[in-house]
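Heads up, the thing below is written out as structure tokens.
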Amino acid sequence: MKIAIDINRLQREIDTLSLITEAVPPVVTRVLFSESDLRGRAFVKKLCREVGLVLREDAVGNIFARWEGANKKLPAVATGSHIDAIPNAGKYDGVVGVLGAIEAMRALKNSGFQPQRSIELIIFTAEEPTRFGLGCLGSRLLGGVLPPKKAASLRDRDGKNLDYWRQRGGAKGKLDSVRLPKNCHAAFVELHIEQGPILEREKISIGIVEKIAAPSTLRLQLTGVGGHAGATLMPGRRDALLAGAEIALAVENIVTTSGSRDTVGTTGIFKIEPGAVNSVPCQAYLEIDLRDTNLISRDASLRRIEFEAKRICSRRKIGLKLERLNQDPPAICDATLVRTISDVCLAQKISCRKMISRAYHDSLFMAQVCPTTMIFIPCYKGYSHRPDEFSSPAQIEKGVRVLAETLAKLSGI
Ligand code: HGY
Ligand code: MN
Ligand code: MN
């Protein structure tokens, strides 16, 4: 069976989707249920219909596009990723796994392939944490990792809750209907850019993911005392920004002395109020992203950061509200699936290697639902979450080809 991937059409679709953005192209920003996210969803659903896939959406806006197999009783084979994008992002993160999966199914259909098991594309709601500070909202609910009540209580920076955004997004139904029954899918395989430099550096075409790092997020609200920048002398100041700055530096010191080279910590959000040059900052708001491939080491660093934050705030007489937004375990990918993809690469004479994903993905939570793994393609200097994120058409074509051959193998039985 010769599978012909139409990479020119796929590249055009990636380029078209990248123009649906809240920013000025080539910068991509598409936050959960924003106007651009809704337009992006409409664009992708139109492509799915044109391929003849059966569409449905769940109560949190996860989109399912299914190619019915000959034997509907068998659990489907799933693939997918996300199309939402953080501020100032690129056009490949998530998108390659969604549009690439549509192209893989088109190519399989055009080759005359008929799946025994249905093949289902899942486009996950809010893989990025931008709206509520918590990533993988859709896949957490699918995997039963996030209690629906907790999801309903999430609020964005303006205090708007998930229900407000679901209504805007047209997502209907009860959140507790989202969770997937165990093994409703036989397998889940996500195609994604590596978001790291290894494949490009080693000139390898495909990465097969064996483990996905363990992410956690801390949210800190620091309350000091404001005042006139000229009239408030230094002794006795309670400057919230300076406490936040010490905490951000403590994060760097803790993760670089954790004893594990895989510990990474980022104070990715740091906002102050009132934000006037001649006013002592009375409030600081920080979100800290902490990860490691090793759970024990990650949690040891998490505890050290919390201890340091409390010590710094107590010394500076700053009020501290500290919240753990998420503290997820790593995911171990399915060894049989990893071997299947490795066999596909061998048969297709495409170089591959096994690896860890340092970024998290919806696969982290789909691994709670069914056997899961990921197919990585190289990206330019490992850049991601920035407008110059790039994978070449040749690299994307190889990834989609391996995905198509893998879906055929998994759904043919
Ligand atoms: O942050 C991550 O690892 C993912 O790209 N959202
Ligand atoms: Mn991302
Ligand atoms: Mn992603």
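Indexing begins at 1, ligand by ligand and atom by atom, following the structure's order. Everything quoted here is computed from the prediction, not taken from an experiment.
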Salt-bridge test for [X] and [Y]: reply yes if a basic N is under 4.0 Å from a carboxylate O, no otherwise.
{"X": "R9", "Y": "E50", "result": "no"}
{"X": "D37", "Y": "R41", "result": "yes"}
{"X": "D163", "Y": "R166", "result": "yes"}

### Message
Quick one, S81 and V96 - any side-chain contact, counting heavy atoms below 4.5 Å?
### Response
no
### Query
Does some side-chain heavy atom of D289 sit less than 4.5 Å from a side-chain heavy atom of P215?
no
#### Entry: 2.8 Å cut-off (strict), protein N, O or S atoms about the Mn ion (ligand 3)
3
#### Entry: From T293, D292, N294, residue fulfilling side chain to side chain donor-acceptor pair (under 3.5 Å) relative to S260
D292
### Task
Only pairs at least two apart or in different chains count here, so list each ring pair (Phe, Tyr, Trp, His ring centres under 6.0 Å) that has a residue in residues 62-86.
H82-H192
### Message
Test of understanding: with ring pair (Phe, Tyr, Trp, His ring centres under 6.0 Å), list the residues that count as partners of F376, not counting sequence neighbours.
### Response
H361
#### Entry: Set of residues that line ligand 1, where lining means a heavy atom lies under 4.0 Å from it
E127, E128, Q195, R291, A359, Y360, H385
### Message
Could you check whether N326 and T217, counting side-chain N and O atoms only, form a donor-acceptor pair closer than 3.5 Å?
### Response
yes
